[in-house]
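Please read through the structure below; I'll follow up with questions.
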Protein chains: 2
Amino acid sequence: MATIDDVAKAAGVSTSTVSYVLSGKRPISAPTRARVERAIEKLGYRPHAGARALASSRTNVIALMAPLRVGVSVPVIMQFVAGVVTRARDFDHDVLLLTQDDVSGLDRVTSGSMVDALVMMDIEADDPRVPLVAAAKQPTVLIGLPQDPEGLSCVDLDFEAAGRLAVRHLVKAGHTDVALIGSPPEVLRRHTSYAERLMRGLRDQAKSSGVRVKVEACDSTPSGASEAVDTLLATAPETTGIIVHNEGALPHVLARLAERGAVVGTDMSVVAVCPTDVALSQRIPMTSIDLPAEDIGKVAVDMVMTRLEGEQPSETRLLAPVLTERESSAYGPAAVHG
Amino acid sequence: MATIDDVAKAAGVSTSTVSYVLSGKRPISAPTRARVERAIEKLGYRPHAGARALASSRTNVIALMAPLRVGVSVPVIMQFVAGVVTRARDFDHDVLLLTQDDVSGLDRVTSGSMVDALVMMDIEADDPRVPLVAAAKQPTVLIGLPQDPEGLSCVDLDFEAAGRLAVRHLVKAGHTDVALIGSPPEVLRRHTSYAERLMRGLRDQAKSSGVRVKVEACDSTPSGASEAVDTLLATAPETTGIIVHNEGALPHVLARLAERGAVVGTDMSVVAVCPTDVALSQRIPMTSIDLPAEDIGKVAVDMVMTRLEGEQPSETRLLAPVLTERESSAYGPAAVHG
DNA sequence: CACGATCGTCGAAGCGTTTCAACACGCTAA
DNA sequence: TTAGCGTGTTGAAACGCTTCGACGATCGTG
C-alpha cells in the first residue's frame with residue numbers, strides 16, 4: 001500500500017502538504033493541489049485508518065448498539081439501522097455494530113477509542129447502559145427515553161402524542177369504546193418507555209374525550225394475538241375501535257378478528273402504530289400512525305454529529321406523530337346512529 | 001486515558017513487557033505478569049485501537065456487507081447478522097456494517113485497512129463486488145454462490161439439495177403434481193443464485209420421480225401472493241403440494257389458500273423453505289426446510305478466521321438441508337387413493 | 001519604500017502500539 | 001573454568017498519519 005510519503009514524493013511536495021490537501025485545513029494553491037491529487041489517483045492511495053485515528057484521535061466510526069435477537073419487531077430495527085448507516089455515510093462515517101446484550105462492548109469501543117460516538121437503540125426506563133455511556137468521552141444519542149438521560153441526547157417518536165392522536169381519530173369517527181392491543185408482557189416488564197408513553201397518551205385522551213379504554217398486552221405470536229383478541233372481545237364486547245401497537249402481532253390480530261367475524265373497516269376500526277410499509281403489507285391497508293424508524297435513525301446521527309463538532313448541550317427530540325387514514329378504520333356506532 | 005507507558009511505569013517494567021503480557025507472545029514470569037495485570041486493572045487501561053492497528057496491521061474488526069433495505073426477507077437478514085456478530089465476538093473481533101449498495105465502501109475499508117476480513121451476504125451470480133474483494137488483501141467469505149468465486153470462500157445452504165428434498169418429501173406423501181411459489185421476479189432477474197439452485201434441484205428430482213412441477217415467481221406482498229396462488233390454481237388445478245420459498249409471501253400465500261377454500265395440511269400440502277421461527281409463527285406450524293441463517297453467519301466467521309490465521313486455501317461449504325415435518329403437509333391423493 | 005499581514009509550504013515532533021535484536025542471568029555440559 | 005543455552009526482560013525502531021511552529025514570498029498599506 002502506498003503511504004502519504006509516497007504520494008508526497010510523487011508529487012514533489014512534503015507530507016504535510018499532502019495531508020492538508022486531504023483535510024483542507026490549510027490553504028493550498030491550485031497547481032499544488034492538482035499535482036497532489038494526480039499522485040493520489042495514480043498510486044491509488046488511501047490513508048491508513050489506524051494511523052489517522054492515532055494522530056488525530058478521530059476514527060470516523062460510530063458505534064450502533066442494536067437489539068439483534070429479541071422480540072422487538074425485526075423490520076423496525078432494520079429500518080433504524082438502515083437510517084443510521086446511510087446517514088452516517090453522509091458524514092463520512094462508518095458504523096460499528098454492537099449487540100444489545102454485549103454491554104462490555106460499550107467499554108471496549110469507548111475506552112479503546114474505536115469510535116467517535118455512539119447511538120443506542122431500544123432504551124429501557126432504567127437502562128444499565130445509560131450510566132456507562134454517560135461516563136464515556138464520546139457523545140451518545142439514545143433512541144428512546146430513559147428515566148434519567150444523565151445529559152445524553154435522546155430522540156424518539158412522541159408516543160404520548162401518538163396515543164392521544166389515535167384516540168382522537170377514533171373518537172372523531174364516533175367510537176366510544178376503544179382498546180389497545182399493545183406490546184408483549186416482557187417489554188412492559190422491562191419498562192421500555194415507548195409502551196408506557198403510548199398508554200399514558202391514550203388514557204389521557206380517553207379521559208378527556210370521555211370514552212372507555214381497555215388495554216391488553218399481547219405476545220407477537222399467532223396464539224398470543226388470538227388470546228388478546230379473544231379476551232378483549234370477552235371482557236369488553238362493546239369495543240369498536242382498536243389500536244394495535246405491536247408489528248409482529250398485527251397480522252395475527254387481523255386474522256383473529258376475521259375468524260371471529262368482525263369485519264375490519266366496517267364493524268371494527270383498527271389503527272396501527274407501525275412503519276408505513278408494515279401498515280401497507282397487511283390483508284387490507286391499515287390506517288396507521290407512522291413509526292418513522294429510518295428517519296429516527298437519521299436524526300440520531302444528525303444529533304450525534306452536531307455534538308461531535310461543537311460542544312453543544314444535550315437535547316431531546318420527540319417527533320410529532322402523523323396519522324394516515326386508510327381502509328381499516330371507519331365511522332363507528334355513535335356516528336352511524338347519531 | 002492511560003497509555004501502555006503509564007502501565008509500565010506503575011508496574012515498574014518496560015512497555016514491551018506490558019505488551020507481551022497483553023499479547024502472550026513471549027514468556028513472562030508469574031510475578032511480573034501479576035504486577036502488570038494489577039497496574040492495568042488499577043489504571044483501567046485499554047490499548048488504543050488505532051495505535052494497535054498501526055503497529056500490528058491488525059484491526060480486530062471484520063466488515064459485514066448486508067442488504068439493509070430491499071425485498072430479501074428482513075428477519076432472515078437479521079439472523080445472518082446476529083450470527084456473524086456473535087461469532088465474531090468469540091474471536092475477539094468487532095463488526096463494521098456496510099450496506100449492500102455502498103460498493104465503494106469495499107475499497108474504503110480494505111484499502112484503508114479498517115478491517116481484517118470481510119463477509120458479504122446475498123451474492124448474485126455475476127456480482128460486481130466479487131472481483132473487488134478478490135483483489136483486496138483481506139480474506140473474504142461470501143454467503144451465497146457467485147458464478148465465479150475467484151478464489152474466495154463461500155458458504156450457503158445447499159439449496160439444490162433442499163429442492164430435491166422438498167420434492168422427495170411430497171412424492172413420498174403421494175403427491176404427483178407439485179409447485180413452487182418462489183422468489184420475487186426481481187430476485188430472479190438478478191440471478192441470485194439460491195433461487196436458481198433451488199429450482200434446479202426441484203426440477204431434477206421431479207423429473208427423476210416422474211411428477212409434474214409448476215413454478216411461480218411471487219412478490220412478497222399480499223397481492224403478489226394472491227396472484228401467484230390464483231394463477232397456480234388456474235393453470236395447474238391438479239396441484240396438491242406446494243413448496244414456498246419466500247418468507248415474506250408465506251403468510252399471504254396461506255391466507256389466500258384459505259380464502260380459496262384449500263385446507264392446508266389436508267387438501268393441500270405446503271412445505272416452506274425458511275428459518276424455523278418463521279415456519280412456527282404462521283397460522284399453522286409449517287412443515288419446513290430450515291434456512292439456518294444464524295448458523296450460516298457463524299460458519300462464515302469461522303471460515304474467515306481460519307483464513308486469517310493460516311494461509312488456508314479457499315473452500316465452499318454447502319450446509320445439508322433438514323426437513324422437519326409439522327402440520328402443513330399430509331398424505332396426498334395418490335397415497336390416499338392408492 | 002519599509003512594514004506587517006496573508007498565503008503556501010515545510011520540517012519535525014508527536015500519537016500509542018508492536019516487535020526485533022540484544023542482553024543479563026542462572027543453568028548445564030564439556 | 002568456560003562455552004553454550006534458555007528464560008525473562010529491555011531499548012529503540014518502526015507503523016503512517018496530523019498538526020504546530022516556522023519561514024520565505026507576495027501583497028496591500030501608509
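Scope of the values below: all heavy atoms of this structure, side chains included, with no hydrogens, waters or symmetry mates.
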Inset, instruction - Answer with yes or no whether the side chains of Ser193(B) and Arg197(B) bring together a donor and an acceptor at under 3.5 Å. - result: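 Yes.
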
Legend entry - Of Val13(B) and Ser56(B), the one whose closest DNA chain D nucleotide lies more 5':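 This one resolves to Val13(B).
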
Legend entry - Donor-acceptor pair present, Ser14(B) side chain and dG11(D) base, under 3.5 Å: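 Check fails, no donor-acceptor contact within cut-off.
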
Inset, instruction - Counting heavy atoms from C-beta on, name the nucleotide in dT10(D), dT19(D), dT17(C) closest to the side chain of Ser19(A). - result: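 Looking only at side-chain atoms, Ser19(A) lies closest to dT19(D).
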
N/O donor to acceptor pairs below 3.5 angstrom from side-chain atoms of residues 21-28 of chain B, sequence neighbours left out:
unit_1, atom_1, unit_2, atom_2, d
Ser23(B), OG, Ser19(B), O, 3.3
Ser23(B), OG, Lys25(B), N, 3.3

Inset, instruction - Go through dC17(D), dT9(D), dT19(D) for me and flag the one nearest to the Lys25(A) side chain. - result: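 Per side-chain heavy atoms of Lys25(A), the pick is dT19(D).
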
Legend entry - Ionic contact status for Asp6(B) with Lys9(B), cut-off 4.0 Å: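 So Lys9(B) does not pair with Asp6(B) through a salt bridge.
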
Legend entry - Separation of dT19(C) C1' from Leu54(B) CG (nearest whole Å):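 Computing the Leu54(B):CG to dT19(C):C1' distance gives 13 Å.
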
Legend entry - Strand contacts (DNA chain D) in residues 26-35 of chain B, 4.0 angstrom heavy-atom criterion: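 Those residues are Arg26(B), Pro27(B), Ile28(B), Ser29(B), Thr32(B).
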
Legend entry - Under 3.5 Å donor-acceptor pair, Tyr20(B) side-chain atoms to dC20(C) base atoms: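 Check passes, donor-acceptor contact within cut-off.
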
Legend entry - Spacing of CE belonging to Met65(A) relative to CG belonging to Leu118(A), to within rounding of 0.5 Å: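 It is 8.5 Å, given to the nearest 0.5 Å.
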
Legend entry - Spacing between Asn60(A) atom CG and dT18(D) atom C1', to the nearest angstrom: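 To the nearest whole Å, that distance equals 13 Å.
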
Legend entry - Whole angstrom value for the distance that separates C1' of dC17(D) from CE of Met1(A):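 Result: 16 Å.
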
Inset, instruction - Look at Asp90(B) together with Lys298(B) and state whether they make a salt bridge at an N to O cut-off of under 4.0 Å. - result: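 No salt bridge links Asp90(B) with Lys298(B).
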
Legend entry - Candidates dG16(C), dT19(C), dC17(D) - which lies nearest the side chain of Ala51(B):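 Nearest listed nucleotide: dG16(C).
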
Inset, instruction - Among dT18(C), dT10(D), dA12(C), find the nucleotide with the atom closest to the side chain of Ser16(A). - result: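 Closest of the options to the side chain of Ser16(A): dA12(C).
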
Inset, instruction - When you get a sec, tell me which of dG16(D), dG11(D), dT17(C) is the closest nucleotide to the side chain of His48(B)? - result: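 Comparing dG16(D), dG11(D), dT17(C) against the side chain of His48(B), the answer is dT17(C).
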
Inset, instruction - Quickly work out the Arg58(A) CZ to dC15(C) P distance and round it to whole Å. - result: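 In whole Å, dC15(C) P and Arg58(A) CZ are 19 Å from each other.
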
Inset, instruction - Report the distance from atom CG of Leu22(B) to atom P of dT18(C), rounded to the nearest whole Å. - result: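 From Leu22(B) CG to dT18(C) P: 6 Å.
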
Inset, instruction - Take atom NZ of Lys9(A) and atom P of dC10(C), then tell me their distance rounded to the nearest Å. - result: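 Lys9(A) atom NZ is separated from dC10(C) atom P by 14 Å.
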
Legend entry - Ion pair Asp122(A)/Arg190(A), N-O distance below 4.0 Å: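 Answer for the salt bridge query: yes.
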
Legend entry - Residues Asp156(B), Arg317(B): salt bridge by 4.0 Å N-O rule: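 Judged by the 4.0 Å cut-off on N to carboxylate O distance, Asp156(B) and Arg317(B) do not form a salt bridge.
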
Legend entry - Selected nucleotide, minimal atom distance to Tyr45(A) side chain, candidates dG16(C), dC17(D), dT10(D):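 Of the candidates, dC17(D) comes closest.
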
Legend entry - Closest nucleotide among dT10(D), dT18(D), dC15(C) to the Ile4(A) side chain: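 For Ile4(A), the side-chain atoms sit closest to dT18(D).
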
